[in-house]
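Worksheet for the structure shown next.
Only heavy atoms go into these numbers, but all of them, side chains included; no hydrogens, no water, no symmetry mates. Protein chains get the first letters and strands the later ones, always in sequence-line order, with residue 1 at the start of each. All values reported here derive from a predicted model rather than from experimental measurement.
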Number of protein chains: 2
Amino acid sequence: MSITLKKNRTRTERRLDEALHDLRAAFGERISTGQSVREIHGRDESWHPPALPDAVVFPRTTEEISFICQTCTKYGVPIIAFGAGSSIEGALIPVEGGIVVSTVEMKQLLDVDSISFNCTVQPGLCRRELNEQLRDTGLFFTVDPGADASIGGMVATRASGTNTVRYGTMADAVLGLEVVLADGRVIKTGSRARKSAAGYDLTHLFTGSEGTLGIVTKITLKLAPLPETIASATCAFSDLENAVEAAVAVIGSGMGVARIELLDELMIAAVNDYSKTDLPVSPHLFLEFHGTTESTRAEAELAASIAADYGGEAFQWTTKAEDRNRLWRARHDCAYACMASQPSKRMLTTDVCVPRSALTECILQSRRDAEEKGLSAPVLGHVGDGNFHMALLIDPEDRGELAAAKSVASALVERALAAGGTATGEHGIGLGKRDYMRREHGDNAVDMMAGIKALFDPDNLLNPGKVLPD
Amino acid sequence: MSITLKKNRTRTERRLDEALHDLRAAFGERISTGQSVREIHGRDESWHPPALPDAVVFPRTTEEISFICQTCTKYGVPIIAFGAGSSIEGALIPVEGGIVVSTVEMKQLLDVDSISFNCTVQPGLCRRELNEQLRDTGLFFTVDPGADASIGGMVATRASGTNTVRYGTMADAVLGLEVVLADGRVIKTGSRARKSAAGYDLTHLFTGSEGTLGIVTKITLKLAPLPETIASATCAFSDLENAVEAAVAVIGSGMGVARIELLDELMIAAVNDYSKTDLPVSPHLFLEFHGTTESTRAEAELAASIAADYGGEAFQWTTKAEDRNRLWRARHDCAYACMASQPSKRMLTTDVCVPRSALTECILQSRRDAEEKGLSAPVLGHVGDGNFHMALLIDPEDRGELAAAKSVASALVERALAAGGTATGEHGIGLGKRDYMRREHGDNAVDMMAGIKALFDPDNLLNPGKVLPD
């Protein structure tokens, strides 16, 4: 046992100047303390107030990240990993200052094994660029959050997206990791094999740990074969209830639908404005089917007939890449569409995930709550997973509005937990959901998580103030 | 922080008599110290030498298991959870004695949510019985190791099986757990939602921990819809190399094959004898396709044409339930067929999993190694996953034979690790693979695993002597 816990977790006195001195000597122009660079790395895409780091470093290798961690541990300085900055839960805001470790110079696709369907990447590579580079292999990386997030950030957040109903989340996609611990030690987890029963599952422990247990420096990912045919469809409904129930019925049919997304009429209006689409302003399902020409046609026809049972109208499907890409780009840009609809506001996004049997009631009640508070709250959902988002548009400076939004969000989480669900399906805990941790997991489980944090990061230097409650 | 590590892990002096006294008072006739009961609970299905526990308890509730753990912690007595006893790595042999906690009286299916595709079970329920009980729901539990294992044991081992290539392993199937810790505290992990990004992933940490971090008392499992049509197929090949390469090519085609299993000619001979089949004695692939009548026909035809490219002969497929069930029962009974082929011997089973790109060479070289040592070693593999087993039949009392088998197995593990694979795809570490832990994961990762063990089980009472190396 080389690890011991510091009982009181008294942090080494922070000696920032000395840390900066050592880091400057090693990184030269690849460390910045300039105001604008610090500002860019002190905020995410959420309503959470930004905070300034003391410096930003741009390493290129695992060894350099190890050196940063050793230095920061020596001088008691916090370390915050930063990918694309697309968190919407404040997960990377340096609330206690410290050194931001940007992975922007670590964007390499290191290798692809096209027979075994996997690849290994550096953490700064973003998902769209990865798929561009994979194009000629006949394979693709399946996890697609709205933002063009970095793979490292997606590991940290345990991200998912619209393909999850068929292909799974980052928890399913990560085969193995290389991770630098707080003290600079490098560990490897998992392997390139599709499965393993060899010891404790450190890969899943780091996946979703939001940079609080270690800094991910390499990721081996599962890939999937590009389907022969992809068919996309949209279908409009007269009300939200029917749209949700149609989605639940499509999943219940057992077909392997690749995407099934709900957008309510507020979201459709925002999408039409932002992405120049001309969808009827009513609740919609966006669907996608992967397979052969025959199987996608059969699935689309079955889905259309199920949708019709719930009053679905104007079921339109296409296999044209141009139309598909436009549709899904509009879907992925939903968060930006919401923000553009009220440019003076910031977004407080809910992210509950519930058993599908509780989904309809959960969405409808939450919409009623928002309406009662007079809040604009477009809804979109990965309804195949039971996961949906309300985008509560608020002025964070307006105390009344912020309090109203928090109260709607809080009631929604309570409703989700009562139904056996979770406070966050894919955005992570960050700053925004720490207060729900004990409600969701119970004191005993949170105590064990705190023990794990203390084991991996005894000085509490890795992304402090995140995930665990105070 | 309510958890502190005992630095030297000095175990409380074992006071067995007092523990037995307290347990007898609570359990009456549901605790046994009889020789035959202890013998049954002191062995598994492997070559590893049995060991006697001091007593076996038969609890019915979480609270009773909590009481057992409190009592054992109070008196420093080891605690070993026991399900169906079907481990083949010695994972449940009580090498330090102690109290075996049988889950045989905890076999309830607690609830099924047929809309959300999940169910919650007690740990003693076995997989065949679970699927019997689910039959009318239109859903099934997908993970199918050869043995009729208990669900609790399958969680402990991170088990998988023939359906894994399409549906995943226990790591994919477990949504949430209730676990009793060594000191009797009860924690809950995960939820009933399909995904979550809420904090550290304790569910995956317990899954595969082989009863060394806690005792699982409830499991919430993902289920899958029963396919409309199931088609099974067999295909014979003139040599092993072509059979493996055909399997890799079928996977590479991107079709969603549900099962693709390799059996070499030695395994086919054993199966013919044990299961009264009359397959040609040559390497085979067994396949299964799930979908509609049309899609399964299309996939079977594509697979047949790929197989033909590799010299596959006699591709026969059927959708008759009776024929299918007979085929897969024979496949699941392979381990028993091997043992029956040489009843005086025990089985030392290898379990490497490698990237599919390394599979052919890995299987062929290992067969050559076994042949050179004069060992009978039928091969079967979940080749879609890159996972295969050699069943080395040995007399554990014959030192030369045991050493020869260990040397073949060891060379195979080294080969798998060099190819980026793992020592164990699905059987777990148990006693048999502890010596490979540092080779596979490296010292730093194993040290962190030891830290996790010390955090959850500071007195080292939960299934001591397993998973971690000395």
Side-chain angles (χ1 to χ4, degrees), chain A residues 1-5 7 113 115-116 157-158 160 169 172 185 187-189 191-202 204-205 208-209 225 248 254 295 353-357 385-386 420-429 437 440-442 444-445 447-452 454-455 467, chain B residues 1-5 7 113 115-116 157-158 160 169 172 185 187-189 191-202 204-205 208-209 225 248 254 295 353-357 385-386 420-429 437 440-442 444-445 447-452 454-455 467:
Chain A
M1 274 292 302
S2 59
I3 302 297
T4 52
L5 294 186
K7 212 164 180 181
D113 179 344
I115 294 174
S116 310
T157 313
R158 205 183 296 138
S160 58
T169 73
D172 306 297
R185 279 179 299 164
I187 73 172
K188 286 179 187 171
T189 77
S191 74
R192 288 163 188 263
R194 298 291 279 188
K195 64 185 191 186
S196 170
Y200 304 151
D201 186 343
L202 299 182
H204 278 102
L205 187 60
S209 67
V248 171
S295 73
C353 187
V354 296
R356 279 190 303 269
S357 53
D385 310 325
T422 174
T424 170
E426 57 183 18
H427 295 167
I429 296 294
M437 285 289 284
E440 176 161 348
H441 299 288
N444 288 340
D447 286 349
M448 297 317 292
M449 292 186 199
I452 290 170
L455 177 69
V467 182
Chain B
M1 275 291 302
S2 59
I3 302 298
T4 51
L5 295 185
K7 212 164 179 180
D113 179 344
I115 294 174
S116 310
T157 313
R158 206 183 295 137
S160 60
T169 72
D172 306 296
R185 279 180 300 164
I187 73 172
K188 286 179 186 170
T189 77
S191 74
R192 287 162 188 264
R194 298 290 279 188
K195 63 185 191 186
S196 171
Y200 305 151
D201 186 343
L202 299 182
H204 278 102
L205 188 60
S209 67
V248 170
S295 73
C353 186
V354 296
R356 279 191 303 268
S357 53
D385 309 325
T422 174
T424 168
E426 57 182 18
H427 294 167
I429 296 294
M437 285 289 283
E440 176 160 346
H441 299 288
N444 288 339
D447 286 349
M448 296 318 291
M449 293 185 199
I452 289 170
L455 177 69
V467 182

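Considering only heavy atoms from C-beta on, D201(B) stays 4.5 Å or farther from D201(A) through its side chain.
The heavy-atom pair separating S191(A) from G420(B) by the smallest distance is CB-O, 3.4 Å.
Contact count versus chain A (heavy atoms, under 4.5 Å) is highest, among S357(B), G421(B), G428(B), for S357(B). Listed options T424(A), I187(A), D113(A), T169(A) were ranked by heavy-atom pairs under 4.5 angstrom with chain B; first place goes to T424(A). Interface summary for chain B: among G425(A), A445(A), P225(A), the most heavy-atom pairs under 4.5 angstrom belong to G425(A). Highest contact tally toward chain A, considering only G199(B), S295(B), C353(B), A198(B), is held by A198(B) [criterion: heavy-atom pairs under 4.5 Å]. For chain B, the option among H204(A), K188(A), R192(A) with the highest count of heavy-atom pairs below 4.5 Å is H204(A).
Using a 4.5 Å cut-off between heavy atoms, M437(B) touches chain A through its side chain atoms alone. Residue contact with chain A, scored on non-hydrogen atoms closer than 4.5 Å, involves the side chain of L202(B) exclusively. Only the side chain of E440(B) comes within contact range of chain A, with at least one heavy atom under 4.5 Å from a heavy atom of that chain. For chain B, the nearby part of V467(A) is the side chain; its heavy atoms alone come within less than 4.5 Å. Both the backbone and the side chain of S209(A) come within contact range of chain B, judged by heavy atoms closer than 4.5 Å.
To the nearest 0.5 Å, the span separating CG on L205(B) from CG on L455(B) amounts to 9.0 Å. Atom OG in S160(A) sits 8.0 Å away from atom NE2 in H427(A) (nearest 0.5 Å).
Using a cutoff of 4.0 Å between basic side-chain nitrogens and carboxylate oxygens, R158(A) and E426(A) are not scored as salt-bridged. Ion pairing of R194(B) with D385(A) is absent here, as no side-chain N (NZ or NE/NH1/NH2) approaches a carboxylate O to less than 4.0 Å.
Without hydrogens or angle criteria, R356(B) side chain to I115(A) main chain gives a donor-acceptor distance under 3.5 Å.
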